[in-house]
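Have a look at the structure below before the remarks.
We name chains A, B, ... by the order of the sequence lines, and we start the count at 1 in each one.
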2 protein chains.
Amino acid sequence: MSYDCEIIAVGSELLTPHRLDTNSLFLTAELNRLGFQVRRKHVIGDEPQALTQTIAGCWDRGFLTVVTGGLGPTEDDLTRECAAAALGVELRRDCEQERWLRERFQSRGYAVTQRNLKQADVLSGAELLPNPNGSAPGQWLVSENRKQERRLLVLLPGPPGELKPMVEAELMPRLGRLVPATALVTETLRIAGLAESEVDERSAPVYKRFPRVETTILASLPGEIELYFRASAPTEAEARAQAHEVAALVAAELGNAVYSHNGELLEQIAGHLLLGRGQTLATAESCTGGIIASRMTHCAGASQYYLGGLVTYANSAKRELAGVGEETLERYGAVSGECARELAEGVRQRFHADWGISVTGIAGPSGGSEEKPVGTVYFGLSGSAGVQTWMRQFHGNRERIQRLAAAHALNALRLRLLEETSR
Amino acid sequence: MSYDCEIIAVGSELLTPHRLDTNSLFLTAELNRLGFQVRRKHVIGDEPQALTQTIAGCWDRGFLTVVTGGLGPTEDDLTRECAAAALGVELRRDCEQERWLRERFQSRGYAVTQRNLKQADVLSGAELLPNPNGSAPGQWLVSENRKQERRLLVLLPGPPGELKPMVEAELMPRLGRLVPATALVTETLRIAGLAESEVDERSAPVYKRFPRVETTILASLPGEIELYFRASAPTEAEARAQAHEVAALVAAELGNAVYSHNGELLEQIAGHLLLGRGQTLATAESCTGGIIASRMTHCAGASQYYLGGLVTYANSAKRELAGVGEETLERYGAVSGECARELAEGVRQRFHADWGISVTGIAGPSGGSEEKPVGTVYFGLSGSAGVQTWMRQFHGNRERIQRLAAAHALNALRLRLLEETSR
């Protein structure tokens, strides 16, 4: 059983050469989980006629219409008005929402204007979806179209930081209650340290034996690969069993390159391993410039195992803050195994951490040489038993090299912790 | 003068969570150069009814309809058939194209199948656009719709390696001969430290006086706003002058909240200001956990002005690495103006930098209290003349609070540098 759905992204900026509607990818993934199938996607500018027409067309055709964007307070934001026109319903001002908006503005020291208050306008019969991350609430309306078919319209804010939490906290639970229990299940494997082609070559002989399970390989973040296994069956338990069987067999084939089975991120897994061992980490980053630190602190509760880090971009900082020897820098240079060794050990000691990890390399575009081209990165991993160092050569632009090096360092830490734990 | 255009991307893979239609960005950039304005974009799966309906809708509405994808030889490839149905014209087999296909296959040692030969089917009245990079030719049809309005339909292959050369070599020259020269130019302002609604209220009275320039407001990153000004005119110079006039007037209205006119990022602007003054920066981050450091080092050449930073997540790190007093932490806590002051001054001294900036706060979800709720963030900015500290209250989830605090800190640094420079 699947339900037809169309997604409309609103905003003139999405019709320029500079912007894509990326919200629909996240939405599609979420909707698929409940058996909704996206049939068409539309991008419409801030033009009332086009938007009204498009919403009306969707409302005629398929069960669910999701509109993202155009819920802001500006005159360009016309999604509420156009949805009302398309469905032939009234907009009414919601008193509670108006009070909430006034309080929100007051608490921030802004005055509420009439323009802001239009964010309290609600389609007649719709339910508001609270937005803890912005001033635009979402809307949820179940009704019938002119052919007396049951229809569902959902209005969501455009900024991903507002849309995503609202979809997770408000939309998905409501959809789950509205449609019969779903039987579409996806299992995810996240993989680090292997190329996409290698993952495919090693896993294809396994997953090809299960044509009923849809397998997708995606190079998600630089240095990381995701494998999705999607199964549908009359019951969720059956679907899960089908997806799980393939995922487990592929995971066995890929060994410890698989770092998570449930969507958890590399930094979360490293955090779990540290926490399980009651150990702590400190980081010393040169070319990754804080990416490892910000990934570690992205996880709530990171303070239990992540003590902090140094971003030692300048050589003087490497010397004075991490204790890298003057002679080391002169003799081997900042991009060297020796420097990585002293950085990792220095940061571990200075933070009184159990583990210290260091990254020093050439992210480019300049700074490369014949001997050490752009993309040359040295790593150090220091623990109570000593320091390991090693080198990797990465390819791509500056940002990609930085991200590949950060993922590599986190994965090296994970593998080392696994090894220690299994001893 | 501008011409309305709609773009339809065809392919079921574009309706999964893993793929976006990126061809439309390239197409939009090219079309804008000739004064074509993209009014709507659609993504349709390999479903004949949906595709026929969508092409017919576009043919009714606007001057130019561009369809990408669905020109391959498989059964899923239905663009030719659907276009014929939508316009009510016949498909005829083109002998020359058929011969070309046969030769192409033969020269590669394949046999031609009937399925392959459908790539020689042409809309009656259409001109073929040669494809040197694949087997699917494009099609170009100028005709009239049922309201006797002149209309143009273009079918293009989906693979970017085939589409792009065809657009450049075949489509653009034909369009250039069809319409009088028009240029479309976009100017961008990037803004920090103002809410979207405030930006709109202050700029609307200005940009409303210029209805020929299309103005769009976008909340891009947390804490940052973008304003786009789009103008079309017979020449690029005229269009640029029109867009620039409005952008300059709005920029004057918004004052120093505007940080760039050319798409440069906040961290790039802060870097330019430091570089211009020959000064250096170091950062001490607690709740932002390295986001400011990684934004600063995202820019190539950052080593000229960014010395590095501390991620002092643990209190012991604040004490030992940044020199925050034991008493300060005990008496005021880590989330306090006093701690921010000592962090900023400590990091500046330890890195021998001209400027030190510090952030310490509660990103959540836990750790908040009545007195200092989640989102409470203290900042410190230390220079040779002393340290300023201040507090801000942010709202949202952990990641949003982290990103808002990082943007706020970078913007505070920028404003301070501007002030110093203008002295």
Residue part contacting chain B, namely of [X], when any heavy atom lies under 4.5 Å:
X	value
A/R115	side chain
A/N131	neither
A/C299	backbone
A/Y228	side chain
A/P132	backbone

- Query: Would you call A/L20 and B/K41 a side-chain contact if the rule is heavy atoms closer than 4.5 Å?
  - Reply: yes
- Message: Under 4.0 Å between a side-chain nitrogen and a carboxylate oxygen: does that hold for A/R19 and B/E226?
- Response: yes
Between [X] and chain A, with a heavy-atom cut-off of 4.5 Å, which part of the residue counts as in contact: side chain, backbone, both or neither?
X	answer
B/N397	both
B/A204	side chain
B/R40	both
B/S366	neither
B/R350	both
B/L307	both
B/Q393	neither

Could you pull out the closest heavy-atom pair between [X] and [Y], with the gap in Å?
X	Y	answer
A/L25	B/T16	CD2-O, 3.7 Å
B/Y313	A/Y306	CD2-O, 3.5 Å
A/S12	B/T216	CB-OG1, 3.8 Å

- Spell out, as yes or no, whether a donor-acceptor pair under 3.5 Å connects the side chain of A/Q37 to the backbone of B/L15. no
- Heavy-atom donor-acceptor pair, A/T297 side chain to B/G289 backbone, under 3.5 Å: yes
- Could you have a look at A/G367, A/S135, A/G309, A/A314 and say which one has the most heavy-atom pairs with chain B under 4.5 angstrom? A/G309
